[in-house]
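So that the names make sense, note that chain A is the first sequence line, chain B the second, and so on, each numbered from 1.
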Amino acid sequence: MNLNTLNSAQRNAVIETEGPVLVVAGAGSGKTMVLTYRIAYLISNGVDPANILALTFTNKAAEEMKERIRHLIGKKADRLSMGTFHSVFAKLLRFEASHINFTSSYSIYDTDDSLRVIKGIMNDFDISDNFLNPKFVQSRISNAKNKLIKPEYYENNFFGIHESKIKTIYEEYRKRLKSNNSMDFDDLLIKPIELFEKDNGALLKYQKRYKYILVDEYQDTNHAQYRMLKLLSSGFENICVVGDDAQSIYKWRGADIRNILDFTKDFSSSKIIRLEQNYRSTKSILSVADSIIKRNVHQIEKNLWTDNEEGNKVTVYECLDDKDEANHICKAITIKMMSQEFKASDFAILYRTNAQSRIFEEALIKSTIPYVVVGGTEFYKRKEIKDVIAYLRLLVNPDDNESLLRIVNFPSRGIGEVSLEALKKLSQQNEISLLKGIQALNNSDSVTERVKKNFINFFNLVMKYSELVGKLNVNELVRSLIDETGILKMYKEEGSEDSINRYENISQLLNGLQDFVNSNPTKTLVDFLNDIALISEIDKWEDKSTAVALMTLHSAKGLEFKNVFVVGCEDGLLPLSRDSSVDDVEEERRLFYVGCTRAKKNLYVSFARNRNRFGNLYPQRRSRFLDEIDERFVEHESTSFSHAVSFRKKASYTQKKDFSKSRNAMPKYEDFSQEEKVLTVGTRVMHDVFGEGTIRQLSGFGDNLKAVVEFDEGLRKHLMLKFAKLKVL
DNA sequence: GCAATTTACTTTTTT
DNA sequence: AGTAAATTGC
């Protein structure tokens, strides 16, 4: 291990091992290397690896870091506690489960599972989901949990019309998860905190164990994570957090940027080390990124610089529409690959929303460029996969009612809604799990004999295999169970494209399980379920693969590529706006900044003048972020407009009719994005009868152009623009 | 109780 | 446009 390869700030960050340290690490400043070296340095100075806790943002980051440390210090590295907050504490909770009245085979509910629980509660409590959106309730509950607010204090912290109802749901939600022996993502952070707060012995045990704590991506930790770190580090106070406030992009998930801004206040006598030299990008790229981010008001002062070459200018592409954007980029990639200078995996296409990936996929296929979409519809969230997982969960956790409900009638066993209600009612009365309830139901007369038989068949299936858990090889057990359910057979026989897909997905899951067990025979079914609950798509992605990477800007955090395309730089998309409420533009700007700083050699940002959304073409305006870029480092390119025509359009949409009549004679691209008085989402309009309002949605073309207008009086109207004479204000 | 048809909703970003 | 949920008809 040679510390001389580090610059002086980096070296400080490695050797200041005692006491609280904040490392403000700008993009590309070698933060991963610093963390790696710091851990290796600790160990080479005699610290037991088992006394080090390193928390990363993704499992992938943890794996990579562990690999690098292994290179530096060898096998000792395996004894490190390293992983995401969620995976490290999920493991801890399996050890300590009995102390919080759970079992070590508790289920982990993802957001879908948790939403189903909430819907179930609202259904039981007769709260209509028109009245209260379950997703809203879910986000409120998650929000409260992130802030460590218990149901009893809920109403002191949230102020809206429905809070007392939400509080009731929150209370019941907690109860149900508890009786299901299940935890959601938030619980994985909260439950250890609750344990530590009530059981000082447990806290002391882990304080002693984790003498040195390191946290990566600290800018994206939430309050619960902060509280946890505070508790664990309060003994030795050897806590080192690394982060960059300019790259905080998870506020929507509860991340609290104050954690990093206030670190020096929260942890007294802490040191700050700034890593300001960027080793990743060219001067042009860094200057562009800097010109954007400096528009944000709230930040830690820092000055990122680089010794790297000036490099090529950053290209701003102006495209006709989203299709043109995709083709344009494919062409650029093809040309660059032909020069032999770059291979496919040197390129990344980064977008704001997953929905944007499709159009690039189509274009890449046509261009025969290998690509891989990272993220999107996640494998483990597919219906067929969740069904299989529900079976497995029920085997190890018989209290998991949510999983039971999912599969009790899948494949069809003749158990309908009415029979299920009877089972739920009986189980609730006797305060037993639904699975146990089946036995009770069998001894009652609330359902027909035929239904009883159907239930018992299911019950026997589950019991048969849960008794085999631990006795039979995991792989054999699962294959045999799935075979007996007939799921695979069912999909195979149906034969539609969709069902073949599902069949293959389940096969893939079973193969994944086989690999999991083969690579480590001591692993159990619970381990497998735990792993797949906490794994993300980015964790599975191998950058060794020779393919262009497509992913969201969020997923790209922490990665780097020689050539980066940040696409869809249009107002409303990047920055993304939901309705026209005041959004946090600063966070969107940071997201754009994160995207730009992923590039090592070449950066391309593009926007389309028209974009398809929900199957309709909408005019777009270039992102305000593009106007913030320092022009000295930019070159502009655009698709030739020679065959496209601009329209002179008057203020009123009554003239729109003329335009639509001559539409057939018009070229393919209708460009009204640069016109002055244009109707777009957000435009203020005047209606003779309804008064002033704001356009919320646009659809259709020509005579069929329709708008949803929200009038200031509170009315929301769907209007045909052909008839409604709207004036643009 | 189930299949077929209609409707509603999606596009934030994810552990 | 494409999918999931809800509703209807058998």
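Straight-line distance from the CG atom of A:Leu55 to the P atom of B:dT15: 16 Å, rounded to whole Å. Rounded to an integer number of Å, the gap from CG of A:Asn146 to P of B:dT14 is 16 Å. When rounded to the nearest whole Å, the span between OH of A:Tyr618 and C1' of B:dT11 equals 12 Å. Rounded to whole Å, atom P of C:dA4 lies 14 Å from atom NZ of A:Lys381. Between the C1' atom of C:dA1 and the CD atom of A:Gln356 lies a distance of 16 Å, rounded to the nearest Å. Counting to the nearest Å, the C1' atom of B:dT11 and the CD1 atom of A:Ile359 are 14 Å from each other. Between the CG atom of A:Asp571 and the P atom of B:dT11 there is a distance of 21 Å, rounded to whole Å. In this structure, OH of A:Tyr380 is placed 17 Å from P of B:dT14, rounded to the nearest angstrom.
In this structure, A:Phe410 and A:Tyr491 have tilted ring planes: the angle between them lies in the 30° to 60° band.
No donor-acceptor pair closer than 3.5 Å links the side chain of A:Asn123 to the backbone N or O of A:Lys119.
Each of A:Arg450 and A:Ile249 lies near DNA chain B, and the nucleotide nearest A:Arg450 is the one positioned closer to the 5' end.
Phosphate contact (OP1/OP2 of B:dT14, side-chain N/O of A:Thr552, threshold under 4.0 Å): present. Taking side-chain N and O atoms only, A:Asn354 has a distance below 4.0 Å to OP1 or OP2 of B:dT14. Put simply, A:Ser412 has no side-chain N or O that comes within less than 4.0 Å of OP1 or OP2 on B:dG1.
Candidate nucleotides B:dG1, B:dT11, B:dT15 were compared by shortest atom distance to the side chain of A:His86, and B:dT15 ranks first. You'll find that the side chain of A:Arg358 is closest to C:dG2, out of B:dT15, B:dT12, C:dG2. Here the nucleotide nearest the side chain of A:Thr353, chosen from B:dT15, B:dT13, B:dC2, is B:dT13. When distances are taken from the side chain of A:Glu588 to each of B:dT12, C:dG2, B:dT11, the shortest belongs to B:dT12.
Between A:Tyr106 and A:Met183, the closest heavy-atom pair is CD1-CG, 3.8 Å.
If you check every strand for non-hydrogen atoms under 4.0 Å, A:Asp186 touches nothing. Contact annotation for A:Ser555: backbone-only contact, meaning every heavy-atom pair under 4.0 Å involves sugar-phosphate atoms and none involves a base. In this structure, A:Tyr250 reaches the sugar-phosphate backbone alone: every heavy-atom distance under 4.0 Å involves primed, P, OP1 or OP2 atoms, never a base.
For B:dT11 and C:dA6, the P atoms lie 16 Å apart once the distance is rounded to whole Å.
The salt bridge (charged side-chain N to carboxylate O under 4.0 Å, His left out) search around A:Asp245 returns A:Lys302, not counting sequence neighbours.
No hydrogens or angles considered: a donor-acceptor pair under 3.5 Å links the side chains of A:Arg94 and A:Asn530.
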